There are 2 protein chains.
Amino acid sequence: MTDQKRYAPIIGKLRDAGLRPTRQRIALAELMFRGEDRHISAEMLHNEATAARVSVSLATVYNTLHQFTQAGLLREIAVEAGRSYFDTNTSDHHHFYFENDGHLEDVASNDVVVSSLPTPPGGAKISRVDVVIRVRED
Amino acid sequence: MTDQKRYAPIIGKLRDAGLRPTRQRIALAELMFRGEDRHISAEMLHNEATAARVSVSLATVYNTLHQFTQAGLLREIAVEAGRSYFDTNTSDHHHFYFENDGHLEDVASNDVVVSSLPTPPGGAKISRVDVVIRVRED
DNA sequence: CAACGGATTAGAATCGTTCTAATTTTGGAA
DNA sequence: TTCCAAAATTAGAACGATTCTAATCCGTTG
């Protein structure tokens, strides 16, 4: 199988988003989207790339995470000030946040039900509803 | 009215938390808790103190916000990576987050109903559930 | 295959926050 | 009151995450 074909799905998504399928973006996409859904920080991804002998600068990791987020391939999650996480699962779902070690886990999508949402003030439009269940393990 | 009496309620709360009622803590508490509920960052509070001719260092503002949070007088909110907000309303409620300008507003407490919460994995205990309704004004 | 513009990069810069070590203030004991 | 130990404050340095800069590189299109 050629690389052309092997990476065809992600290359298509990049093109759709107006992003050139560069060596770095393809490698980072491979690392993030293979296997199951993940919650990853810039530093974590950069370390993984290094471990996989993919040479990418930290600046490019940041650029790529933001571009993928804008393209709808990732979703940014804010649970603690000072560090951003990116979720490879962009479908509508919520999170457990483990206060002890700061890691995130998905909540099975039907296990949280938000009934009755308020109307935003001043004619604002809801763009997303985030539910974070903060938990502690003792 | 003497200052003793004027500041009696906040002084009592500080003492309950094992915090000495210093000039700085009393002044910051005055600024934060007078008027209605607020969502304030360290920098905002420091600017307000300066504007009110209260001399407090930024380090003390940070210390005070964290101590008040631990004492249950404030609640920390994480909505955007890189900046912490502190909510003077510690009762159970949720927030609108205005993506345009980054400000927060309370949701009337009964306007969001989270029915059916999941059981956390691994015997973890829920410490809090945060709902953030992200909105955009166009 | 030339060349235009987008992408990557190292390193500097910036931002919010925390730390450090010295000084000041507080509250209680004598 | 005065004194002391502990707590609190402070300026400034340090820090970690992120963004910026401006030079170089590489993809795409013609």
Side-chain angles (χ1 to χ4, degrees), chain A residues 3-4 7-8 10-29 31 39-50 54-71 73-74 76-86 102, chain B residues 3-4 7 10-29 31 39-50 53-71 73-74 76-86 102-104:
Chain A
D3 278 3
Q4 271 288 359
Y7 301 135
I10 181 64
I11 289 178
K13 281 179 189 167
L14 290 178
R15 287 209 195 284
D16 290 349
L19 298 172
R20 291 183 178 174
T22 62
R23 189 197 100 235
Q24 291 87 337
R25 296 211 266 234
I26 292 169
L28 293 176
L31 288 171
H39 308 99
I40 201 172
S41 70
E43 200 194 359
M44 285 163 64
L45 182 55
H46 188 240
N47 288 342
E48 282 190 27
T50 304
V54 172
S55 164
V56 201
S57 72
L58 188 53
T60 294
V61 171
Y62 276 103
N63 289 341
T64 301
L65 287 171
H66 290 139
Q67 290 152 354
F68 281 24
T69 300
Q70 268 212 299
L73 301 173
L74 292 174
E76 192 169 356
I77 311 176
V79 277
E80 48 181 303
R83 180 188 239 80
S84 271
Y85 285 96
F86 295 85
Chain B
D3 279 4
Q4 270 288 0
Y7 300 135
I10 181 63
I11 289 177
K13 281 178 188 167
L14 290 178
R15 287 209 194 285
D16 290 349
L19 299 171
R20 290 181 178 175
T22 62
R23 170 179 70 67
Q24 290 87 338
R25 286 180 183 148
I26 292 169
L28 292 176
L31 287 171
H39 308 98
I40 201 172
S41 69
E43 200 193 0
M44 285 163 65
L45 182 55
H46 188 241
N47 288 342
E48 282 190 27
T50 303
R53 287 190 200 70
V54 172
S55 164
V56 201
S57 72
L58 187 54
T60 295
V61 171
Y62 276 103
N63 290 340
T64 301
L65 287 171
H66 289 140
Q67 290 151 354
F68 280 24
T69 300
Q70 268 210 299
L73 302 174
L74 291 174
E76 192 169 356
I77 311 176
V79 277
E80 48 181 300
R83 178 186 242 82
S84 271
Y85 285 95
F86 294 84
H103 89 276
L104 285 164

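Every chain is numbered from 1 and lettered A, B, ... according to where its sequence line falls, protein lines coming before strand lines. Keep in mind that what you see is a predicted model, and the values were worked out from it rather than measured.
Considering only the side chain of A59(B), dC19(C) comes nearest among dC19(C), dG27(D), dT25(C). Picking from dT10(D), dA8(D), dA7(C) the nucleotide with the shortest atom distance to the side chain of N63(B) gives dT10(D). Of the listed nucleotides (dT18(D), dT9(D), dT8(C)), dT9(D) has the atom at the smallest distance from the side chain of T60(B).
Residue contacts for S41(B): at a heavy-atom cut-off of 4.0 Å it reaches no nucleic acid atom on any strand shown. R83(A) comes within 4.0 angstrom of sugar-phosphate atoms only, judged by non-hydrogen atoms across all strands, and of no base. No engagement by H46(A) is indicated, since no non-hydrogen atom pair under 4.0 Å with the nucleic acid exists. Residue contacts for S55(A): at a heavy-atom cut-off of 4.0 Å it reaches the sugar-phosphate backbone alone, with no base atom in range.
Judged by closest nucleotide on DNA chain C, F86(B) is the one of F86(B) and R15(B) placed further toward the 5' end. Mapping R20(B) and R23(A) onto DNA chain D by nearest heavy atom places R20(B) at the nucleotide closer to the 5' end.
What separates OH of Y62(A) from C1' of dA13(C) is a distance of 14 Å, to the nearest Å. Rounded to an integer number of Å, the gap from I26(B) CD1 to dT26(C) C1' is 12 Å. Distance, E43(B) CD to dT17(C) C1': 11 Å, rounded to whole Å. Nucleotide dA8(D) holds its C1' atom 13 Å from the CG atom of L28(B), rounded to whole Å. Atom NE2 of H66(B) and atom P of dT9(D) are 15 Å apart (whole Å). Spacing between atom CE of M44(A) and atom P of dA17(D) amounts to 12 Å, rounded to whole angstrom units. Atom CG of L58(A) is separated from atom C1' of dA10(C) by 11 Å (rounded to the nearest Å). Between the P atom of dA7(C) and the CD atom of Q67(A) lies a distance of 7 Å, rounded to the nearest Å.
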Practice item. I would like to know whether S55(A) and R23(A) meet side chain to side chain contact (heavy atoms under 4.5 Å, CB included); could you show each step before the answer? Key: CA-CA 10 Å; S55(A) 164; R23(A) 189 197 100 235; 3.9 Å; yes
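Between the CZ atom of R25(B) and the CG atom of L19(B) there is a distance of 4.5 Å, given to the nearest 0.5 Å.
At the phosphate of dC26(D), neither OP1 nor OP2 sits under 4.0 Å from any side-chain N or O atom of Q24(A).
When all heavy atoms are compared, the tightest approach of Y85(A) to M44(A) is CE2-SD, 4.3 Å. Between V54(B) and A27(B), the closest heavy-atom pair is CG1-CB, 3.6 Å. For L31(A) against A49(A), the heavy-atom pair with the smallest separation is CD1-CA, 3.6 Å.
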